[in-house]
Amino acid sequence: MARPAPAALPARSKWFNLGVMTAGLLLLAEAAFGVYTSGRGLPAWALATIPLIVIIAKFPMVLDRGDGGVEVGFDSAILMFLLCTLRTPSEGVLVWGLGVIVTQLTTDKRALYKAFNIGVGTIGGAVAATIITVVRDDQRGKPQELLGVGLAAAAYFAIDFLLTALTLSLENRTKIREHVLQRGTLIAIACFVPFDSIGYLGAIVNGDHQRQWALALLAVPLAVLLVATRAVSHGSENARRLSVLFEAAMRAQTLSDARQVVDALIDDARRLLRIQAVEIRATPPGAHEIGAQLRDGQRDRWIVAPGRHRARSTMTADQQALEAMVAVSSDAFARLRLTEDMTHLARHDLLTNLPNRGLLLDRVEHALQMSRRRSSRIALLFVDLDGFKPVNDRFGHAAGDAVLIDVAQRLTACVRQSDTVARLGGDEFAILLEDVRLEEVDTACGRILAALGRGAHVAGHQLALSASIGVALGDSSETSESMLRNSDLAMYEAKARGKNQFVHYERSIGRTRLQRLELVESLRASVGAGDLTLVYQPVVRAATGRITGVEALARWQSNGVSVPPDVFIRIAEETGLIVALGDVVLEQAARDAAVLRELVGPELSMNVNISAKQLREADFVPKIDAINKRMEGMRLVLEITERDCVDNDDFTLDAMARVTALGVHFAIDDFGVGFSSIGYLQDMPVSIIKTDASFSEGIDKDERSCALLCSITMMGQALGLDVVIEGIERATQLEHLCDHVHAPYGQGYLMHRPMPLEQLVTVLRENHGLTTLEDTPAATL
């Protein structure tokens with residue numbers, strides 16, 4: 001029997017279906033009335049065929065297209081058996097009609113479809129009964145009966161198939177031939193008649209009372225044919241599903257947008273299920289629905305279709321196929337998320353999640369284009385933290401990262417949501433301000449400096465924070481690269497002017513910065529080649545003028561022009577060249593020490609200035625150990641400024657202690673201008689303090705200056721430290737130093753100016769030949 005598969009039934013075909021049902025029920029009622037008037041009841045064995053009808057109906061051949069289809073069942077073989085076995089056609093039609101009713105009641109189709117199928121089955125059964133009765137003309141077991149069975153089977157198939165095709169065409173507003181002339185129709189026809197012939201064969205065997213047991217043998221070919229038919233249907237259906245899944249998988253790999261993946265999933269699901277009522281929603285499928293969970297990485301959703309509205313009897317297999325296709329889409333979503341994550345990582349800073357340099361430049365370029373169209377103004381701020389590297393050196397990179405994250409949040413809070421805060425790397429940030437006035441730019445810079453001025457709390461310490469900000473304004477001639485470069489130049493100008501301020505870019509700044517860059521590269525080349533010279537300024541015993549030590553001072557020429565030490569030392573500090581420069585000075589001082597030791601013996605001390613950055617180098621102690629061994633008894637004194645001393649952490653204090661254990665001494669240079677205290681002097685392994693020259697400037701004119709130096713000298717001596725007074729340039733200063741301050745050692749232009757090694761040799765020879773009395777220097781000088 002052929003039945004419409006359960007697809008949605010619109011109102012325009014409802015009346016047709018109701019008409020078919022009514023006609024079928026009328027024919028069934030007529031058959032029942034005929035049986036009733038005959039006075040003979042239905043035989044019990046005939047009623048026993050009803051379960052067989054139900055079972056065979058579970059194995060249809062599916063002819064599926066679009067939103068609906070046809071299930072070609074082969075339970076009509078039982079109809080032929082009944083019509084050829086029972087006494088009257090009415091009995092056969094009645095039993096057959098009851099079997100159709102039970103079959104439909106055991107399905108999950110809609111009620112109207114069940115009624116339609118009952119009507120179609122009953123009409124087909126009545127027509128088949130009429131044809132057999134007319135053709136065989138009471139010639140049971142004769143060829144006429146076989147002909148009648150064949151014609152009846154063909155007529156049943158035609159009526160059932162055509163009525164089903166007609167209701168589908170009405171439902172879908174398609175031409176009936178699209179449903180009749182579809183792939184698989186010929187196979188269904190070829191299978192239908194042989195199946196019904198088995199029913200006639202059963203009737204013949206049943207007529208031979210001695211061989212009725214042979215009816216059981218017919219179950220074998222019947223089962224084989226049913227299984228084979230089901231295999232053909234499933235094979236065709238599986239091939240179709242695999243084709244849809246394969247195409248969906250290929251297409252999913254080409255999609256570049258999540259919306260495209262969703263649209264493709266719905267389209268492919270409709271092709272897979274062959275229904276249009278497919279939707280994606282937040283709730284799972286309910287009763288009589290099939291669905292699969294869709295995970296797109298943002299929220300869980302479900303793709304759902306009405307499961308009972310299917311044109312095939314393999315609903316479970318379609319559910320599994322739908323889940324497989326959703327898995328393909330989930331892979332596509334995962335690929336898109338990975339692509340988005342990779343794109344985000346490529347365009348954002350890993351630590352702060354701020355845009356990086358590349359994304360910033362893109363936004364600056366876009367902002368420039370928009371500003372030209374709107375005649376508005378944009379500004380780019382280059383923000384560089386002042387003195388941030390010691391935070392990493394003192395507290396570790398984890399603490400430094402925490403500070404950078406905090407700074408990023410503060411910068412973001414200082415500007416509008418429409419502005420862009422980016423991290424360029426290290427402690428450098430950039431801020432793009434769009435559609436702003438000049439006074440708004442200055443106000444934003446002020447907010448940033450104030451926000452950073454609150455400092456940072458790191459590892460139980462409150463650290464001061466500040467920043468230098470360079471401001472570049474965009475105009476029609478600017479590019480993103482030029483704006484970034486100009487803001488960078490302005491930032492360096494802000495640092496040069498004292499830090500913790502903002503500076504607007506001017507063309508003169510660019511020229512100054514270019515000169516500085518050239519100077520940096522020249523210094524880098526000179527340090528790399530060791531092309532530095534040393535001069536030495538003696539340290540003398542104030543009472544006798546005897547030279548007890550020399551301080552090594554670096555000198556450098558760029559392209560034949562002398563560069564002031566404070567200039568190139570500051571550049572070396574800012575560019576990180578100070579460590580390499582310090583290594584060059586130590587190496588050259590060790591070589592020159594051999595000459596001095598040969599001249600005056602090991603009693604002379606060699607003072608070398610070092611940077612706090614050198615102290616924090618992991619290989620600093622081994623380097624000093626090697627240099628000290630080359631001194632061969634000559635005392636090595638490392639001078640470090642007071643500013644660097646008070647910022648020392650546990651690592652550098654440990655390094656100083658290990659260096660002191662080697663027999664090397666430390667001196668605090670420029671003592672008194674920083675944050676000196678007796679506590680710091682007690683904690684640090686220092687042997688000498690060298691007062692800043694500003695203290696000795698007025699000792700011969702100002703009693704307070706003289707008293708201050710006296711106090712420093714007394715404090716140093718009380719702590720067991722030697723005191724060197726720097727900046728002695730007048731004889732009256734030296735007189736006060738000896739008569740009132742009573743500091744043991746002095747250093748300044750009055751006694752000796754810095755001089756090259758050759759001149760120092762001459763001066764030492766004369767100085768040490770002035771007296772025959774051995775003047776033993778202090779233990780640490």
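Remember, predicted model here, so these are calculated numbers, not experimental data.
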Under-4.0 Å salt bridge between R271 and D268: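 Judged by the 4.0 Å cut-off on N to carboxylate O distance, R271 and D268 do form a salt bridge.
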Are the side chains of [Y] and [X] in contact, using a 4.5 Å heavy-atom criterion?
| X | Y | value |
| --- | --- | --- |
| I266 | I280 | yes |
| L25 | T22 | no |
| L105 | I101 | yes |
| V100 | N117 | no |
| W45 | L86 | yes |
| L265 | M325 | yes |
| P89 | I132 | no |
| V326 | Q293 | no |

Member of L359, L361, L360 meeting the side chain to side chain contact (heavy atoms under 4.5 Å, CB included) criterion with R357: L361
Minimum-distance pair of heavy atoms, taken over all atoms of W302 and P285: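 Minimum heavy-atom contact is CE3-CD, 3.4 Å.
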Spacing of [atom1] belonging to [X] relative to [atom2] belonging to [Y], to within rounding of 0.5 Å:
| X | Y | atom1 | atom2 | result |
| --- | --- | --- | --- | --- |
| R251 | Q260 | CZ | CD | 10.0 Å |
| L351 | D401 | CG | CG | 4.5 Å |
| L94 | E91 | CG | CD | 8.5 Å |
| E434 | L368 | CD | CG | 9.0 Å |

N356 (side chain) donor-acceptor with A346 (main chain) under 3.5 angstrom: yes
Main-chain N/O of S375 paired to R372 side chain as donor or acceptor, under 3.5 Å: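 Not confirmed, R372 side chain does not pair with S375 backbone.
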Residue E30 excluded, over 12 heavy atoms near CD under 6.0 Å: no
Step-by-step side-chain contact (heavy atoms from CB on, under 4.5 Å) determination, L245 to V328: CA-CA 8 Å; L245 289 173; V328 170; 5.6 Å; no
